[in-house]
*Asks:* 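I'd like to ask some things about the structure below.
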Amino acid sequence: MAFTKTYDPAPTSGLKEGASISNREDLLDVLTILAPEETPVLSSAAKSKANSTFVEWTVDSLAAPSTAGINENEDVTSFTDKFANRARLGNFIQKFRRDYRVSDLQEAVDSVGPAKVAQAEAKAIREIKRDIEATLCSNNDRDTEDGTNPYKLRGLAKWLDPTNTAGGGNTDVPDSYKTTAAAVHQNADEALTETDFNAILTEIFKKTGTAENLTLFADTGLRRHISDYARFAGAAGAGADSLRKVTVDNGEASIKIGVDLYQSDHGIVSIVNANPDCMATSITGFEAGEGGFLLNPEYYGVAELIPMGSSRMPNLGGGERGFVDCALTLLMKHPQGHGMIQTIDAA
């Protein structure tokens with residue numbers, strides 16, 4: 001005898017008949033966003049107001065210390081221009097926009113989520129924040145609008161590039177203020193050891209005198225790599241894979257595998273997970289999952305020309321619509337106050 005089944009297909013005639021058509025749907029009132037949406041670089045940046053499409057700031061330096069001494073009764077016969085080494089740095093603003101719309105029928109029906117114009121607007125805000133995060137972390141160079149191409153801001157990976165070649169680093173930044181090669185790990189043929197990591201921190205300390213406020217915004221592979229510095233590898237036997245070992249006191253104990261704070265000779269570094277979408281999709285030259293920025297929030301920020309806001313457009317009969325937009329730029333107040341890691345494993 002035939003059984004009635006839940007998966008009985010509809011008849012080829014197109015008629016809706018059979019037991020399966022009366023089965024109720026079981027759709028949970030739950031909506032899950034399947035993408036990382038944190039924006040730690042943007043969130044930790046100091047915010048300020050921009051008043052032009054090109055935002056500039058000045059940098060200066062101190063003379064090298066002298067131990068020469070002065071002869072008794074020696075007059076002052078020469079004078080130094082204390083502002084001769086000042087330089088002006090700048091970045092163009094970039095405009096960001098995400099549109100949204102919901103039909104009049106969709107606005108009227110019940111849905112999981114729900115899927116109304118307010119939720120569409122909120123989703124556009126979350127998306128534009130990811131756009132900004134990816135642009136801040138990018139190696140895009142600054143560019144002015146010419147009627148065809150839009151304004152673009154210079155991203156972190158370009159600001160912190162120590163090279164000075166065509167298509168490479170920042171030719172408009174004086175060498176005395178450029179991020180030094182010792183603060184950047186770019187060599188794909190050389191693994192990032194703990195000694196290398198500490199050397200970056202030491203270089204930043206040499207340029208700023210402090211490394212206490214550094215935060216490492218690390219992609220997934222780099223985060224695990226830094227955690228491995230707290231463990232050592234031991235061979236399980238000839239030809240066997242290495243094992244990671246930790247030592248704990250007798251009795252009950254919890255083993256902490258992750259590292260949130262890294263204490264070095266020149267400061268404590270906070271380790272923060274970078275948004276993997278905003279790192280991997282935007283930075284050419286970075287190995288997937290292995291990139292990271294060592295940033296001092298005191299020396300970078302975001303200047304907003306147009307604060308983020310939402311505008312509703314006229315409903316012409318089809319439904320509610322609008323857009324979210326903003327215009328801002330990245331301020332790199334001290335290029336030598338930061339570091340960058342592009343790869344952790346030898347090629």
Side-chain angles (χ1 to χ4, degrees), residues 41-42 45 54-57 59 61 87-94 132-144 151-192 196-197 199-208 211 214-219 221-222 274-275 278-303 329-347:
V41 174
L42 173 63
F54 188 60
V55 182
E56 296 180 281
W57 57 96
V59 292
S61 61
R88 181 183 294 185
L89 307 181
N91 208 357
F92 285 107
I93 61 94
Q94 182 167 330
I132 297 170
E133 182 82 356
T135 306
L136 293 179
C137 294
S138 73
N139 66 343
N140 293 348
D141 205 354
R142 72 184 194 191
D143 200 3
T144 185
Y151 286 115
K152 296 190 74 174
L153 64 83
R154 175 178 290 160
L156 283 169
K158 181 65 71 173
W159 273 112
L160 303 183
D161 189 341
T163 63
N164 195 22
T165 58
N170 314 306
T171 56
D172 57 304
V173 180
D175 289 341
S176 56
Y177 298 113
K178 196 184 303 294
T179 305
T180 59
V184 179
H185 188 81
Q186 294 177 301
N187 190 349
D189 296 325
E190 180 180 338
L192 177 71
D196 296 329
F197 185 69
I200 296 175
L201 302 179
T202 300
E203 181 66 15
I204 295 173
F205 178 80
K206 288 179 179 179
K207 299 301 181 182
T208 65
L214 287 177
T215 299
L216 174 63
F217 298 92
D219 210 343
L222 177 58
N275 187 314
C278 298
M279 294 285 284
T281 61
S282 60
I283 310 178
T284 57
F286 278 51
E287 294 294 330
E290 298 184 1
F293 297 105
L294 269 164
L295 304 180
N296 187 331
E298 182 179 351
Y299 297 131
Y300 87 101
V302 167
T329 192
L330 172 65
L331 306 180
M332 181 50 61
K333 304 173 185 178
H334 191 345
Q336 295 179 335
H338 314 281
M340 181 170 62
I341 298 166
Q342 292 186 344
T343 180
I344 59 175
D345 294 319

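This chain uses plain numbering: 1 for the first residue, then up along the sequence.
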*Asks:* Do you know the tightest heavy-atom contact between V41 and Y300?
*Replies:* O-OH, 3.1 Å
*Asks:* Side chains of L160 and M332, heavy atoms from C-beta outward: is any pair under 4.5 Å?
*Replies:* yes
*Asks:* Applying side-chain hydrogen bond (donor to acceptor under 3.5 Å, both in side chains), name anything that partners E290, two or more places apart in sequence or on another chain.
*Replies:*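 Checked E290 against side-chain hydrogen bond (donor to acceptor under 3.5 Å, both in side chains); matches are T343.
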*Asks:* Grab the two heavy atoms, one from V184 and one from P162, that are nearest each other, plus how far apart they are.
*Replies:*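 Shortest heavy-atom contact: CG2-CD, 4.0 Å.
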*Asks:* Does N139 reach the side chain of F286, with side-chain heavy atoms less than 4.5 Å apart?
*Replies:*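 No. Closest side-chain heavy atoms not under 4.5 Å.
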*Asks:* Are side-chain heavy atoms of M279 and N275 found at a separation under 4.5 Å?
*Replies:* no
*Asks:* Would the distance check show the side chain of H338 and the main-chain N or O of Y299 forming a donor-acceptor pair, the cut-off being under 3.5 Å?
*Replies:* yes
*Asks:* Taking the side chain as everything from C-beta on, heavy atoms only, tell me whether L214 gets closer than 4.5 Å to F205.
*Replies:* no
*Asks:* Considering residues at least two apart in sequence or located in another chain, which fulfil the side-chain hydrogen bond (donor to acceptor under 3.5 Å, both in side chains) criterion with T179?
*Replies:* none
*Asks:* Could you check if a side-chain atom of L153 sits within less than 4.5 angstrom of a side-chain atom of S138, using non-hydrogen atoms only?
*Replies:* no
*Asks:* In this structure, which one of D141, N91, D161 forms a side chain to side chain donor-acceptor pair (under 3.5 Å) with R154?
*Replies:* D141
*Asks:* Any heavy-atom pair between the side chains of D345 and E287 that's under 4.5 Å?
*Replies:* no
*Asks:* Do I204 and N296 have side chains that approach each other closer than 4.5 Å (heavy atoms only, starting at C-beta)?
*Replies:* no
*Asks:* In terms of the angle between their ring planes, are F54 and F92 parallel, tilted or perpendicular, with boundaries placed at 30° and 60°?
*Replies:* tilted
*Asks:* Are any of the side-chain heavy atoms of I283 and L156 separated by less than 4.5 Å?
*Replies:* no
*Asks:* Which atom pair, heavy atoms only, marks the closest approach of A191 to D196?
*Replies:* O-OD2, 3.0 Å
*Asks:* Assign the ring pair W159 / W57 to parallel, tilted or perpendicular, where the plane angle (0 to 90°) is split at 30° and 60°.
*Replies:* tilted
